[in-house]
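Presented below is the structure to which this report refers.
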Amino acid sequence: MRDQHRTSLPDIDFRHLRTFLTLARLGNFSRTGQQVALSQSAVSRHIRALEDTLGLRLFQRLGRRAVLTSAGQTLRTRMKTLMREAESLPRVIRDLAEGLRGDIRIGASITAAHTILPPLLGAYRRRYPRVELALQPGDSADVLDTLARGEIDLAFVGSDALPPGTSVVAEIPDQVLFIAPRAHPLAGRRLRPVDLAGCHFIQRDASSDTRALVGRWFQAQRVQPRTVMEVG
């Protein structure tokens with residue numbers, strides 16, 4: 001039968017561990033008591049309780065000095081890191097309660113990066129100044145590939161083709177408008193789709209979600225646009 005005492009995690013008092021690390025550093029019960037605000041006898045009780053819990057001898061007394069045993073040296077090496085993490089936990093909890101902190105990696109299509117995100121990210125940054133934001137613009141397909149590989153945390157795109165394992169958490173309404181110089185024959189008029197048939201257009205590049213959206217609209221209206229220039 002397996003010995004449950006040896007395989008289960010000991011119920012260790014963190015105060016005893018703090019006393020142990022202080023005594024390991026100072027090597028003196030009296031000075032340790034002064035450091036941790038305990039009497040010398042209380043320091044001895046902490047160390048004895050820890051040794052009883054672990055079933056190990058952690059110190060040897062050499063006169064007034066307390067010297068770590070081999071087991072004590074091993075424990076000190078492991079416990080220094082653990083205690084630093086434990087002592088930082090209240091700060092981490094406070095940070096989470098007061099607001100977020102950390103890093104957010106954001107991917108966005110060119111249109112979203114240039115027009116939609118600047119005011120949103122500015123407002124977010126003012127509200128959570130301890131969060132570092134990293135924006136990576138690109139074509140929607142590239143952004144979604146990056147998201148699927150786990151290299152970014154979220155993506156702003158205009159594409160409906162989402163990679164497996166991702167989901168839409170919010171939708172942002174947007175408008176696509178036709179613009180023309182004031183002197184253009186169609187400026188100021190109420191337009192019908194057929195009026196656009198003979199017009200020259202400056203459009204986004206072929207890989208753009210905006211271009212695809214506009215292309216679907218033209219196709220639905222049975223209008224063949226005459227593209228004279230593409231912009232990235």
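Remember, it's a predicted structure, so these values are computed and weren't measured experimentally. Heavy-atom basis, side chains included; hydrogens, waters and symmetry copies ignored.
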Interatomic distance, CD1@Ile47 vs CG@Asp52, rounded to 0.5 Å, equals 11.5 Å
Hits for side chain to side chain donor-acceptor pair (under 3.5 Å) against Thr32, two or more places apart or cross-chain, chain-then-number order -> none
Short side-chain donor-acceptor distance under 3.5 Å, Thr227 and Gln203: yes
For Ala66 and Leu23, the nearest pair of non-hydrogen atoms, with its separation, is CB-CD1, 3.9 Å
Taken in chain and number order and not counting sequence neighbours, the residues that satisfy side chain to side chain donor-acceptor pair (under 3.5 Å) with Arg226 are none
With sequence neighbours left out, the residues meeting side chain to side chain donor-acceptor pair (under 3.5 Å) with Arg18 are none
**Request:** Output yes when a side-chain donor or acceptor of Arg64 lies under 3.5 Å from a complementary backbone atom of Ser30, and no otherwise.
**Result:** no
_Please verify the inter-ring angle class for Phe201 with Phe218; under 30° counts as parallel, over 60° as perpendicular, anything in between as tilted._
perpendicular
| message | When you group the ILVMFWY residues by side-chain heavy-atom contacts below 4.5 Å and let the links chain together, are Leu21 and Leu26 in the same group? | response | no
When hydrophobic residues are tied together by side-chain contacts of less than 4.5 Å, even through go-betweens, does Phe156 share a cluster with Tyr128? yes
Within the structure provided, determine whether Leu17 and Ile12 are in side-chain contact (heavy-atom separation under 4.5 Å). yes
Exercise for review: Take Thr111 and Ser109, measure what side-chain hydrogen bond (donor to acceptor under 3.5 Å, both in side chains) needs, and give me the verdict at the end.
Suggested key: CA-CA 5 Å; Thr111 299; Ser109 66; 5.1 Å; no
Working note: Phe20 + Leu68, criterion side chain to side chain contact (heavy atoms under 4.5 Å, CB included); need CA distance, chi angles, decisive distance, verdict. CA-CA 10 Å; Phe20 162 77; Leu68 285 168; 3.7 Å; yes
If we only count heavy atoms from C-beta on, is the Pro193 to Arg222 side-chain gap below 4.5 Å? no
>> Tell me if a side-chain donor or acceptor on Asp153 pairs with a main-chain N or O of Arg105 at a distance below 3.5 Å.
In response: yes
d(Ile172 CD1, Leu120 CG) to nearest 0.5 Å is 5.5 Å
Rounding to 0.5 Å, atoms CG (Leu54) and CG (Leu75) come to a distance of 6.0 Å
Considering residues, nucleotides and ligands other than Leu62, do more than 12 of their heavy atoms fall under 6.0 Å from its CG?
yes
When rounded to the nearest 0.5 Å, the distance separating OG of Ser41 from NE2 of His46 is 9.5 Å
Closest non-hydrogen atoms of Ala112 and Pro118, given as atom of the first, atom of the second and distance, are O-CD, 4.1 Å
Check your understanding: Would you say the side-chain atoms of Arg211 pair up with the backbone N or O of Arg204, donor to acceptor, closer than 3.5 Å?
Key -> yes
In short, Ser140 meets Gly158 closest at the heavy-atom pair OG-N, 3.8 Å
Taking the side chain as every heavy atom from C-beta outward, state whether Glu51 and Leu56 have any pair of such atoms under 4.5 Å apart.
-> no
_Quick one, His16 and Arg45 - any side-chain contact, counting heavy atoms below 4.5 Å?_
no
Test your reading of the model: is there a side-chain donor-acceptor pair from Gln60 to the backbone of Thr69, 3.5 Å cut-off? no
(request) Verify the cluster assignment for Val194 and Leu196: are they in a single hydrophobic cluster under the rule of side-chain heavy atoms below 4.5 Å apart? (result) no
To the nearest 0.5 Å, atom CE of Met229 lies from atom NE2 of His200 at 12.0 Å
Margin query: Counting only heavy atoms not in Arg125 (residues, nucleotides, ligands), do more than 12 fall under 6.0 Å from its CZ?
Written below: yes
(Q) Counting neighbours of CD on Gln219 that are heavy atoms of other residues, nucleotides or ligands and sit closer than 6.0 Å, is the number greater than 12? (A) no
Correct closest heavy-atom pair for Ala206 and Glu230 would be N-OE1, 4.2 Å
Decide yes or no for Gln136 and Val143: does some side-chain heavy atom of the first lie under 4.5 Å from some side-chain heavy atom of the second? no
Q) Heavy-atom distance under 4.5 Å between the side chains of Leu133 and Tyr124, does that happen here? A) yes
Output for pair (Asp205 CG, Ile110 CD1), nearest 0.5 Å, gives 8.0 Å
Can you tell me if Asn28 uses its side chain to pair, donor with acceptor, with the backbone of Arg31 under 3.5 Å?
-> yes
request  = Evaluate whether atom CZ of Arg15 has more than 12 neighbouring non-hydrogen atoms of other residues, nucleotides or ligands under 6.0 angstrom away.
outcome  = no
